[in-house]
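Working notes, structure below.
Letters A, B, ... are given to chains in the order of the sequence lines, protein chains preceding strands, and every chain is numbered from 1. Quantities reported herein were computed from a predicted structural model and do not represent experimental measurements.
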Amino acid sequence: GGMAAAAALLLLLVVAAGPGPGRAGAGQERRDALREELLLSPLPTGDVAATFQFRTRWDADLQRGAVSHYRLFPKALGRLVAALGVRELHLALTQGFWRTRYWGQPPLQAPAGAELWVWFQPTVTDVDKAWKELSNILSGIFCASLNFIDSTNTVIPTASFKPLGLANGTDHHLLRYAVLPREVVCTENLTPWKKLLPCGSKAGLAVLLKAERLFHSSYHSQAVHIRPVCRDASCLAVSWELRQTLTVVFDFFSSGQGKKDWSLFKMFSRTLTDTCPLASQSKVYVHISPKNKEKELLEVSPPPTSVHEAIVQGEKKTYAVYDLLSPSLFNTSRSLNVQLKWKRPQDSSEMPIPTLHAQRYVGGYGLQTGQICTLIYNTHPYRAFPVILLETVPWYLRLYVHTLTIITKGKENKPSYIHYQPAQDRRRPHLLEMLIQLPANSVTKITIQFERALLKWTEYPPDPNHGFYVGYSSVLSALVPSVTAMKDMDVEQSPLFTSLFPSSDGSSYFVRLYTEPLLVNLPTPDFSMPYNVICLTCTVVAVCYGSFYNLLTRTFHVEEPSRGGLAKRLANVIRKFRGVPPL
Amino acid sequence: FQDQAEQFLRSGHTNNWAVLVCTSRFWFNYRHVANTLSVYRSVKRLGIPDSHIVLMLADDMACNPRNPKPATVFSHKNMELNVYGDDVEVDYRSYEVTVENFLRVLTGRIPPSTPRSKRLLSDDRSNILIYMTGHGGNGFLKFQDSEEITNVELADAFEQMWQKRRYNELLFIIDTCQGASMYERFYSPNIMALASSQVGEDSLSHQPDLGIGVHLMDRYTFYVLEFLEEIHPASQTNMNDLFQVCPKSLCVSTPGHRTDLFQRDPQNVLITDFFGSVRKVEITTETVSLDRDVAGFESKFPEEELATEPLKYAEQLPVAQIIHQKPKQKDWHPPGGFILGLWALIIMVFFKTYGIKHMKHVF
């Protein structure tokens, strides 16, 4: 199993300055390399998805030995990894939702908001303390409110989120996972992300990253992944890999103005003019494979430097490749504006349905109870496969686990593995992890009922009528059977978008899906009531009690009318003369 | 040259900081975020770097779903000036803008794990500009529609800053309704304050934009921004000109200012003393030689030990391993107070009923 997997990941290292067997000598440079790549894939609905990947691979071991000279690898992240004992770090900031049903399987999806999951090294003794420090430091680097990550939204999954890099055993106590669904993503998060790139946003593919166009989209996700990878074929030494990915989906109607023809200028309002001098590879891939394997639907211009075929997510796909480092590309014009044109119009019947997709909704009515329903669709005609479902529900929605039902094709479907950790009020959220077998061509419905709790009045956010987020998007991790068996890839030679997940065998590919974030209204008090109550109560007390007190404690005594002062007597004398009665 | 040197010696500060706070949430308070971002933009343009600016925005307007032009915040109705820009660093966002965090930033009493960009690391030679905008009243300023800061708290915070020598001189600008009430209670030295309206007056907004649908800026900050656009890092404009900005005819409210706590005459205080970051440069004539031997640096890396057998990647979905996973051993905790108390009660009742002589059977 594992050894075969390692053998399957053989890659041929360029032997220019290769180390001697068994020894990475002192005095040899620590080599780091940058590869950048842009993948444009038109989606069945007329939208277009652009995925940027910037990968810096550094042949040094950040954990051992004091590394102090940073070249391409950003120092802020390198020191973070070394100081806190981080083995793997994945941070994603996302705005919008990837519609798997209409757009197909995502290359790498992330839930709306901020998602952070980290594997720590076994040498870390206090994982919770390191986790808290890490989220604070990252909130400073990325200008995001990651400091709100604490025990109320952190969970420890026991079966999902296995490490994506080299791993020596997987003790899940070293894993922490947190999602902040309320997190907003805007230019202030993009700016520090761009500053981590070796060329910044001044040269290469990153010149296309302008905030006004990137945020005017249906889906925007930027992520940072750090993990240890094999340095070479023998996999005896560790290199550290930093991948920065940015996926954006431009909407057919708002950005495309209703036309299906796309170009780099239409999407980003910029074109590519030169390459980043620090990059060893800089390519643009355009997905042109035909849907039903007949003639090509898509025409690209200018003509690509080469055509690449790869098996991605279980299917054979063809890509037009523009190699920015090849001298012939910028010969004719100083700028490269890739244009995609459709040769013939598409019918809606050609829209492929992905093998695995899911949706989730909240059922019920009123402000007391409700139920969370998740529907998972397996559209493969004859293959069944397992899926791990991870649900995190905040503590203020009290789940009733005895109402958990999983129904497939009318019959109950018992999961092969369940891990449930109930919530503790104000301390820990619910965690529910299940391994469910999905039969071929079926819909699985998972329902669980909950009750809403009443929060203390200081615990409400300033805008409680916005709602509270339920369940932070269930995560489905699955090994989906592939249509075409995948061959062993040479990681260094194949495009970056094919080497995101380490593949074990060719018969299935790994995919991780997230469902929609849900909003739920909790019973919200009227926050002006304390003031009103105080006024009313004080008035009542003052009027009723005050008068009562006065009545009880006031003493009455008769007062003699005074005979009047000198002025009064004088006035009486004058009045007597006038004949008017005296005062 | 002589009186330029005198100018340097007169002001007495060596670094500049800015704390810019917008305290309002919700889309219709777009103008408060635009106010704060305009001041941020001017302050950056005049030289204060992002590391010396603490920017607190209580809501996100640029990427708000109601913004027809995402990632932009405009200050003028013809959409001439995008004050949000491309290079913005917001230190405190959204729910982090609270009275507690604001006071912690000012006084420096911050939890130890706070990153540097969220701290006000000023010293006794720092000139600090504090700009606040939002909704306010007589003696208070509303934070995010759920809490307030009073003028007494603010004055005490400034006194704490003075006691801890966290500022050399402080310029406080506030653009809210009845803003002058916020500076009435200051009692620490070296503070100059400006407000957009007197007690009993409302600060009004400037002009709505029909495309975006909200008012874009407040009048006072709009005219202050116009004034600041003409300042460049070497200009000699002084504070008296800033006091004249936005007379009653343009602003409808009467801007006020307070200079009695300030030691220097406002005539001698330059705008760039607070809004810019003019560094003093010392020219030296002695040469410094750098170490030429840089190549030898790389060879100082320790020798790496290689693994004896190849490392491998983890399997992403090991079904068999997951199914046969042993459940995590629950850590044993000793029984808590309630259970202990309950048991103590039961045992006490038992022995009370049946007599103490049964105790000897227990031991």
Requested in this report: Show the numbers, then the answer: is there a side-chain contact (heavy atoms from CB on, under 4.5 Å) between B:Leu317 and A:Lys162?
Outcome: CA-CA 8 Å; B:Leu317 197 68; A:Lys162 298 272 183 215; over 6 Å; no

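The contact between A:Thr158 and chain B is made by backbone and side chain atoms together, counting heavy-atom distances below 4.5 Å. When heavy atoms are compared at a cutoff of 4.5 Å, A:Val229 approaches chain B by way of both its backbone and its side chain. With a 4.5 Å cut-off on non-hydrogen atoms, A:Lys195 touches chain B through its side chain but not through its backbone. Neither the backbone nor the side chain of A:Asn168 comes within contact range of chain B, judged by heavy atoms closer than 4.5 Å. Interface remark: A:Leu166 contributes backbone and side-chain atoms alike to the contact with chain B (heavy atom separation under 4.5 Å). Neither the backbone nor the side chain of A:Tyr460 comes within less than 4.5 Å of any heavy atom in chain B. In this structure, no portion of A:Ile141 lies under 4.5 Å from any heavy atom of chain B.
Of the listed residues A:Ala144, A:Gly140, A:Ser145, the one with more heavy-atom pairs under 4.5 angstrom with chain B than any other is A:Ser145. When each of A:Arg512, A:Arg182, A:Arg227 is scored by its heavy-atom pairs under 4.5 Å with chain B, the top score falls to A:Arg182. Interface summary for chain A: among B:Asp145, B:Asp86, B:Asn67, the most heavy-atom pairs under 4.5 angstrom belong to B:Asp86. Heavy-atom pairs under 4.5 Å with chain B were tallied for A:Lys132, A:Glu133, A:Glu183, A:His172; the largest tally goes to A:Glu183. With respect to chain B, the highest number of heavy-atom pairs below 4.5 Å among A:Pro415, A:Gly165, A:Ser160, A:Ser254 belongs to A:Gly165.
Of residues 49-61 of chain B, those residues with a non-hydrogen atom less than 4.5 Å from any non-hydrogen atom of chain A are, in numerical order, B:Asp60. Within residues 20-35 of chain B, the residues having any heavy atom under 4.5 Å from a heavy atom of chain A are, by residue number, B:Arg25, B:Phe26. Of all residues in residues 89-101 of chain B, those placing a non-hydrogen atom less than 4.5 angstrom from a non-hydrogen atom of chain A are B:Glu89, B:Val90, B:Arg93, B:Tyr95, B:Glu96.
Residues passing the salt bridge (Lys or Arg N to Asp or Glu O under 4.0 Å) test with A:Arg213, sequence neighbours excluded: none.
Interatomic distance, A:Phe215 CZ to B:Thr72 OG1, rounded to the nearest 0.5 Å: 12.0 Å. To the nearest 0.5 angstrom, A:Thr170 atom OG1 is 5.0 Å from B:Gln321 atom CD. To the nearest 0.5 Å, the span separating CG on A:Leu134 from OG on B:Ser113 amounts to 11.5 Å.
Within the 4.5 Å cutoff, the side chain of A:Pro462 has no heavy atoms near those of the B:Phe143 side chain. Residues A:Pro163 and B:Tyr313 have side chains not in contact (no heavy-atom distance under 4.5 Å, counting atoms from C-beta outward).
The two residues A:Cys186 and B:Ala62 have their closest heavy-atom pair at SG-CB, 3.7 Å. Residues B:Cys63 and A:Thr187 share a closest heavy-atom pair of SG-N, 4.5 Å. Between B:Ile322 and A:Ile388, the shortest heavy-atom distance links the atoms CD1-CD1, 3.5 Å. Annotation for B:Pro115 and A:Ser139: closest pair CG-OG, 4.0 Å, computed over non-hydrogen atoms.
Using a 4.0 Å cut-off between charged nitrogen and carboxylate oxygen, A:Lys194 and B:Asp87 do not count as a salt-bridge pair.
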